[in-house]
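Below: the structure, in C-alpha cells.
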Protein chains: 4
Amino acid sequence: MLGLAGGGVRIVAGAAGWQTCPVRRSAAKRVEVLAVAGEVVAARGADATRFTDVSAATGVGVSTLQYYFGTREDMLIAVFRHAAERDFELVGERLATLEDPWERLLAIATHLGSDLTWRLWVESWRWASRDPEVRADVLRDYTRWRELIAANITAGDPVRVARQVLALIDGLALPVVLGDPAVDRAAAGDLLEDALARLLGRAPSL
Amino acid sequence: MLGLAGGGVRIVAGAAGWQTCPVRRSAAKRVEVLAVAGEVVAARGADATRFTDVSAATGVGVSTLQYYFGTREDMLIAVFRHAAERDFELVGERLATLEDPWERLLAIATHLGSDLTWRLWVESWRWASRDPEVRADVLRDYTRWRELIAANITAGDPVRVARQVLALIDGLALPVVLGDPAVDRAAAGDLLEDALARLLGRAPSL
Amino acid sequence: MLGLAGGGVRIVAGAAGWQTCPVRRSAAKRVEVLAVAGEVVAARGADATRFTDVSAATGVGVSTLQYYFGTREDMLIAVFRHAAERDFELVGERLATLEDPWERLLAIATHLGSDLTWRLWVESWRWASRDPEVRADVLRDYTRWRELIAANITAGDPVRVARQVLALIDGLALPVVLGDPAVDRAAAGDLLEDALARLLGRAPSL
Amino acid sequence: MLGLAGGGVRIVAGAAGWQTCPVRRSAAKRVEVLAVAGEVVAARGADATRFTDVSAATGVGVSTLQYYFGTREDMLIAVFRHAAERDFELVGERLATLEDPWERLLAIATHLGSDLTWRLWVESWRWASRDPEVRADVLRDYTRWRELIAANITAGDPVRVARQVLALIDGLALPVVLGDPAVDRAAAGDLLEDALARLLGRAPSL
DNA sequence: TATGAATGAGAGTTCATTCAT
DNA sequence: GATGAATGAACTCTCATTCAT
C-alpha cells in the first residue's frame, strides 16, 4: 500500500483475485506526474479529479497512470503523500536558511497557508475522514508540524502554544484561500503575528 | 433560506443555462429532506453525494428529489444554504438564553465545531472555491459569524480579535472532527479559552 | 436474486452499498429480450456474450439491458432460467399431443438435442460449475428431465433407464451439434432408438 | 502435439494475419506450462482464462507466455492440443496393462470422465464450435476415441455400439462432474456397465 | 531467449437526466 | 404534484499487445 516506499512489487486487490503490480519502475516520471497531479487535485478537488484530468495535465495516458498508481483512489493517496513529503522537504530547506524564531514560524505559516498546500491539505483531511489509512498519515503529519512549530517557540508552553498556532494558521488560511476581502494574505500575516505575540506573552508588536 | 422562502418560481442555474423551477410545493417535506440530505453530505462529502444516497436516506424517490431541487448541484447548494440558515437560527436561540460573553463565545464555538456543522462548512467552502454563487453565500456567512463573535468581545479590538477567534475555532475544529487524540474536544475548549484570555489581554485563567 | 420471480424490488449489491433495483416492470419486453439473448448466448457462448451483443441483437440499448437485468452475469443467469422454463413449456405442449411412449421420448430427445437448447444447456452447465445458485437450478432441472423421461418408460427399471437415456441424449447431441459427419441428427436418432430398445429389453427394431 | 513437435518456426494465426513465431525454445518449460495452463483452463473455463491467470499459476511472466505461445487464443489452442495428446498417451499406457475388454472400456471411460479431462473436453468442444481449426482437431480426436472403444467391443456391431458407448460416457460425465448427488461417479460406473451389457446383448450383470 | 514498461481498445457500471403518466 | 421507465454520457478498470532491451 505504500506507493511511495521502496521498489519491488505491490500486491493489490483486483476484481478477479490478486495480481502483482509494479511500483517505482520509472520513479522520475512518476514523481513528475505526482507533482502535476497535486495541482490538479488542488484545483478540482480530489473527488472530482478524473484520470482524464491528470492525463490531460501531464500528457501521460490514462492507462499509464493506472499502470503507475493502480486505481484512481490509490493515485489520490499517492498524491497526498507525495505532497505532504514535499511540504516537509521544502519547509526544511527554507528553515535551514533562517535563524530568527519568528521568521521561522512565519516561513512555516506562509508555506502551510499557500494556496496549493492548503487546498491539498483540506483534500487530504476530507479523504482521511473516510479512509483510516490516510487518517493515520494525516494525524502523523499534523503531529510533525506541531513539533516543528513547538521547536521554534521560545516562551510560554511550547506544546500548548504550538497547537494554538497551528490552529490559527489553518483557520486564517481558510478565508485567504477563498479570497475573502476581509482577510487577505497580508491581513492574515498581521493577525497571526499579533496573536502570536499575545500567546507568547510579549508586547503585541513583538 | 433563499431556496426555501417565497412562493412562485425561482430562477436557478441549470446545466443548460437558466430555467424556471417551481418552489414551495410542499415546503415541509422539502425541509425535512434538506435536513437529512445535510447529514448525507456531511458524511459522504458533497461530490460523493448522489441522488440515490439522499433517496435512500430519506425514502423519497430520485425523481421526486429532482422535482424538488432540480439538478444535483442545485440540491447541494440548497443543502448548504439550509444548513447555514439553520446554524444561525440554532445559535441565535442558544444565545438568547446566555448572558456571559465567554459563555456566548463558547456556545458559538461549540456549535461551529460540531461534527455535522463543521463538515458541512468544509463542504460549502470547497464548493465555494468553484462556484461564485456559493462563494458569495459563504463569504457573507463568514462575515455574519465574525460580527456575531465581535459583538461578544468586550475588550481590545473586537473586530481584530473576532477574526483571530473565528480562525482559532475553525483551526481547532479540524483535528477534533478528524479524531486526533492530541486535540480532542475538551482540549480544544481549553486551548480556545486560554488563547482567548491572552488575546483579550486578561489573565490566562480568565 | 430471483430475477424471474414475482414483482416488487430486488436488492442487489452495488459498489457503494445497497440500492434498490426494479424487477419485472415491463415483463413483455423483458421476455422478448430474454429470448433473443438466449440465441446470442447459444451462438457466442455465455462468457463471450457482451451487453453490446445483446443490444445489437435486440435493438435495446445497453443501459436498458442493465436496467432490466442488473449486471451482465445477472442477465446471463436470467437467460439460463428463462430458457430452461421455456424448454419445459414447449416440451409439455408437444407431449400433450402425443400418446405413444416412444414418440414422447423422441420428442423429448429431439428438443433437448436441438442446437439452441443443447448449446444453452452446455453454457448453463459450465456456469453452474462456478456459481452455486446456478448449480442448484441446473441440478433441479436435470432431475425434472429425468422424471419426465422415466414417466415415459414402460419397461424395466424406469429410473435407471431414464438416467441412461438422458445421458445418451446428451452424449449424442454433442457430435450432432458440432457437425460431426459420423454422427448427424438422423444417425443420432437411430442410435438412440436402437439403444433404447436394448435398454428396455425389447427387440432392436422395436 | 503439433505445437510441441518439430523445431524451426511455426506458422500461427495472429490478430493481423500470419506471422512467424519461433518454436522449441525450451520445450520442457513450455510443456510444463501447458500442463498447468490446462488445469487453469479446466477450472476457469477457456474464455475466462487470462494470461495473468496462467502467469500466476505457473510463475512465468505474461510476456514470456506470449513469447511461448503468441496470442491468448494460440495459447488456448495449444492447451487443448496438449491435453488431447496427453489423454491418448495416458490411456494408451493404462491399456497396455489391461487384457479384459470390459476393464479396458472402463479404463477409457474413467479417464474421459475424470474432472480435468472432461472439463477440458467441454472447453475444446465449445471452442471448436467457433474455430474451424479446433473443430478439425476435435472431430479427429472424437473419431480416434470411437475407434479405440470399438476395438474393445467384442460383440454386436462394434462401430455402432462404440458410438453409443462414447455418448454414454460423455452424457454420464456431465452430472458426475457437476456433482449431481443423483449420479455420482460410482452410480455412473454402474449405469455404464449395465447399459453396456444390454447394448452388447449380454446378461445385465455381464 | 526472455522480460519489464507502456499503451490502446473495449467492457461493465454508475448516474443524472428526460419523458410520459 | 409526484413518480417510474428508460437512456446517453462519462468513467474506471482489465487485458492483450507492442516495443525496447
Side-chain angles (χ1 to χ4, degrees), chain A residues 9 12 14-17 19-22 24-26 29-30 48-53 55 60-75, chain B residues 14-16 22 24-26 29-30 48-53 55 60-75, chain C residues 9 12 14-16 19-22 24-26 29-30 48-53 55 60-75, chain D residues 14-16 19 22 24-26 29-30 48-53 55 60-75:
Chain A
V9 298
V12 298
Q19 64 178 105
T20 57
C21 150
R24 198 194 251 301
R25 69 221 85 192
S26 58
K29 187 72 180 175
R30 198 169 175 277
T49 297
R50 310 290 167 212
F51 276 124
T52 316
D53 301 320
S55 173
V60 172
V62 167
S63 295
T64 307
L65 293 175
Q66 292 165 332
Y67 178 60
Y68 282 162
F69 302 111
T71 70
R72 172 178 160 272
E73 305 207 341
D74 286 338
M75 179 179 71
Chain B
R24 195 191 258 300
R25 294 144 257 246
S26 61
K29 187 71 181 174
R30 199 168 173 278
T49 298
R50 313 288 170 215
F51 273 124
T52 42
D53 300 321
S55 173
V60 172
V62 167
S63 292
T64 307
L65 292 175
Q66 290 169 323
Y67 176 63
Y68 281 163
F69 302 111
T71 71
R72 173 177 161 273
E73 306 207 340
D74 287 336
M75 179 179 71
Chain C
V9 298
V12 297
Q19 64 179 105
T20 57
C21 151
R24 197 193 253 299
R25 76 221 80 193
S26 58
K29 187 72 180 176
R30 197 168 175 277
T49 298
R50 310 291 168 214
F51 275 125
T52 316
D53 302 320
S55 174
V60 172
V62 168
S63 295
T64 306
L65 293 175
Q66 291 166 331
Y67 177 60
Y68 282 161
F69 302 110
T71 71
R72 172 177 161 273
E73 305 207 340
D74 287 337
M75 178 180 72
Chain D
Q19 62 179 106
R24 194 190 258 303
R25 294 143 256 242
S26 59
K29 186 72 181 174
R30 199 167 173 280
T49 297
R50 313 290 171 215
F51 274 124
T52 41
D53 300 321
S55 172
V60 172
V62 167
S63 291
T64 307
L65 292 174
Q66 290 168 323
Y67 176 65
Y68 283 162
F69 302 109
T71 71
R72 173 177 161 273
E73 307 209 339
D74 288 335
M75 178 179 71

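Sequence lines set the chain letters: A, B, ... in the order given, protein chains first and strands last, and positions in each chain run from 1.
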Could you check how far [atom1] of [X] sits from [atom2] of [N], rounded to whole Å?
X: C/Phe69; N: F/dA5; atom1: CZ; atom2: P; answer: 15 Å
X: D/Glu73; N: F/dC15; atom1: CD; atom2: C1'; answer: 13 Å
X: B/Met75; N: E/dA16; atom1: CE; atom2: P; answer: 8 Å
X: D/Arg50; N: F/dT17; atom1: CZ; atom2: C1'; answer: 14 Å
X: D/Asp53; N: F/dA16; atom1: CG; atom2: C1'; answer: 13 Å

What's the separation between atom CZ in A/Arg72 and atom CD in A/Gln66, rounded to the nearest 0.5 Å?
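Going from the CZ atom of A/Arg72 to the CD atom of A/Gln66 covers 11.5 Å.
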Measure from the side-chain heavy atoms of [X] and tell me the nearest of [options].
X: D/Ser63; options: E/dT18, E/dA5, E/dA6; value: E/dA5
X: D/Gln66; options: E/dA16, F/dT17, F/dC11; value: F/dT17
X: C/Tyr67; options: E/dT3, E/dA5, F/dT7; value: F/dT7

C/Thr64 or A/Arg72, whichever maps to the more 5' nucleotide of DNA chain F
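Mapping each residue to its closest nucleotide by heavy atoms, the 5'-most match is C/Thr64.
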Of A/Thr52 and C/Val60, the one whose closest DNA chain F nucleotide lies more 5':
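Going by which nucleotide is closer to the 5' end, it is C/Val60.
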Could you tell me whether B/Val62 contacts a base, only the sugar-phosphate backbone, or nothing, with contacts defined as non-hydrogen atoms closer than 4.0 Å?
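Base contact.
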When you check the phosphate oxygens OP1 and OP2 of E/dT1, does a side-chain N or O of D/Tyr68 lie under 4.0 Å from one of them?
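Indeed not, no polar side-chain atom of D/Tyr68 lies that close.
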Please list every stem that involves DNA chain E, where a stem is a run of 3 or more consecutive Watson-Crick or G-U wobble pairs with both pairing distances under 3.5 Å.
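Paired runs of 3+ in DNA chain E: E:2-21 with F:2-21.
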Taking N and O atoms by type only, does the side chain of C/Thr71 place a donor or acceptor under 3.5 Å from a partner on the base of E/dG12?
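Flag unset: no donor-acceptor pair detected.
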